[in-house]
Amino acid sequence: MHEDGNNGTGEGTAPVAPRCVDQEFLALERELTVLLRRARASQGEMAREVHPDLESAAYGLLIRLDEQGGHRATDLAAYIGVGKATMSRQLRALEDLGLIAREPDPADGRAWLVTLTDEGRGRVSQVREARRARYVSQLAHWDRREVAELARLLHELNGIAEK
């Protein structure tokens, strides 16, 4: 038997992309890896700025609630990609910190909506404003159209990733 397990026929192997395409996608992968690593570190820093005891993963929940308003816990779990138990634990911690509250869902009295408290909204707003100021400072030498194009491309990439 041949080393690749197909008796040397070449059957069962994936087609190999041309080398020039590989280099472009390898460069994309490398840059996205750096961006994601830095984003995770940044998310942890921002979470601690909201509250020293806030878990990094919970910061994304606060941003979602800030941008979209109240959500059911099950919807938040689906959005973040965690199970109900994990979401319950995170929400309980956020509630204990005074950053979120639960209120009856006007559309269904049996369900609850999770919302930011005034304290939570203020802290998230303060951290987001500081982050935007850092972006403005770091990208001050960029043309605003380049910033807009980067945002558009990232939005498009995020849309593909959500499918």
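Fair warning: this is a prediction, and the values are worked out from it, not measured in the lab.
Rounding to the nearest 0.5 Å gives a distance of 10.5 Å between OG of S88 and CD of E95. Of the inter-residue distances, the one linking R40 atom CZ with L35 atom CG reads 10.0 Å to the nearest 0.5 angstrom. Atom CD in Q23 sits 12.5 Å away from atom CG in L28 (nearest 0.5 Å). Atom CG of L36 is separated from atom CD of Q43 by 11.0 Å, given to the nearest 0.5 angstrom.
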key: Chi angles and distances behind the side-chain contact (heavy atoms from CB on, under 4.5 Å) call for E29, E24   = CA-CA 9 Å; E29 180 204 15; E24 293 166 356; over 6 Å; no

ask   = How far apart are the C-alpha atoms of R152 and E156, what are their side-chain angles, what is the distance that settles it, and do they pass the salt bridge (Lys or Arg N to Asp or Glu O under 4.0 Å) test?
value = CA-CA 6 Å; R152 185 191 69 75; E156 194 172 318; 2.9 Å; yes

CA sep, side-chain torsions, deciding dist, call: R72, D108, salt bridge (Lys or Arg N to Asp or Glu O under 4.0 Å) = CA-CA 11 Å; R72 290 183 181 186; D108 180 355; 3.5 Å; yes

ask   = Between E45 and R48, is a salt bridge (Lys or Arg N to Asp or Glu O under 4.0 Å) present by the stated rule, with each step listed?
value = CA-CA 5 Å; E45 291 169 11; R48 286 184 295 282; 5.3 Å; no

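In this structure, Y135 stands alone, with no Ile, Leu, Val, Met, Phe, Trp or Tyr side-chain heavy atom under 4.5 Å from its own, directly or through other members. In this structure, V50 shares a hydrophobic cluster with M46, L54, Y59, L61, L62, I63, L65, L76, Y79, I80, V82, M87, L91, L94, L97, L99, I100, V114, L116, V124, V127, the cluster being traced through Ile, Leu, Val, Met, Phe, Trp and Tyr side chains under 4.5 angstrom apart.
In this structure, R144 has no side-chain contact (heavy atoms from CB on, under 4.5 Å) partners at least two apart in sequence or on a different chain.
The shortest side-chain heavy-atom distance between L113 and R102 does not fall under the 4.5 Å cut-off. With contacts defined as side-chain heavy-atom distances shorter than 4.5 Å, the pair H141/E146 does not qualify.
A donor-acceptor contact shorter than 3.5 Å is absent between the side chain of T115 and the backbone of G70. A donor-acceptor pair under 3.5 Å is absent between the side-chain atoms of S137 and the main chain of A133, judged by distance alone. Panel note: side chain E129, backbone Q126; no donor-acceptor pair is recorded below 3.5 Å. H51 places no side-chain N or O within donor-acceptor distance of the main-chain N or O of E49, the cut-off being under 3.5 Å.
At most 12 non-hydrogen atoms from other residues, nucleotides or ligands lie less than 6.0 angstrom from CZ of R145. The environment of CD in E103 is crowded: more than 12 heavy-atom neighbours from other residues, nucleotides or ligands sit within 6.0 Å. Counting non-hydrogen atoms of other residues, nucleotides and ligands closer than 6.0 Å to CG of D118 gives a total of 12 or fewer.
Taking each heavy atom of A77 and G83 in turn, the nearest pair found is CB-O, 4.2 Å.
The pair E55-R89 meets the salt-bridge criterion, since a charged nitrogen lies less than 4.0 angstrom from a carboxylate oxygen.
Placement of L139 and L153 in two distinct hydrophobic clusters is found when ILVMFWY residues are connected by side-chain heavy-atom separations under 4.5 Å, directly or transitively. The cluster map of Ile, Leu, Val, Met, Phe, Trp and Tyr, joined by side-chain heavy atoms under 4.5 Å apart, puts L154 and W142 in the same cluster.
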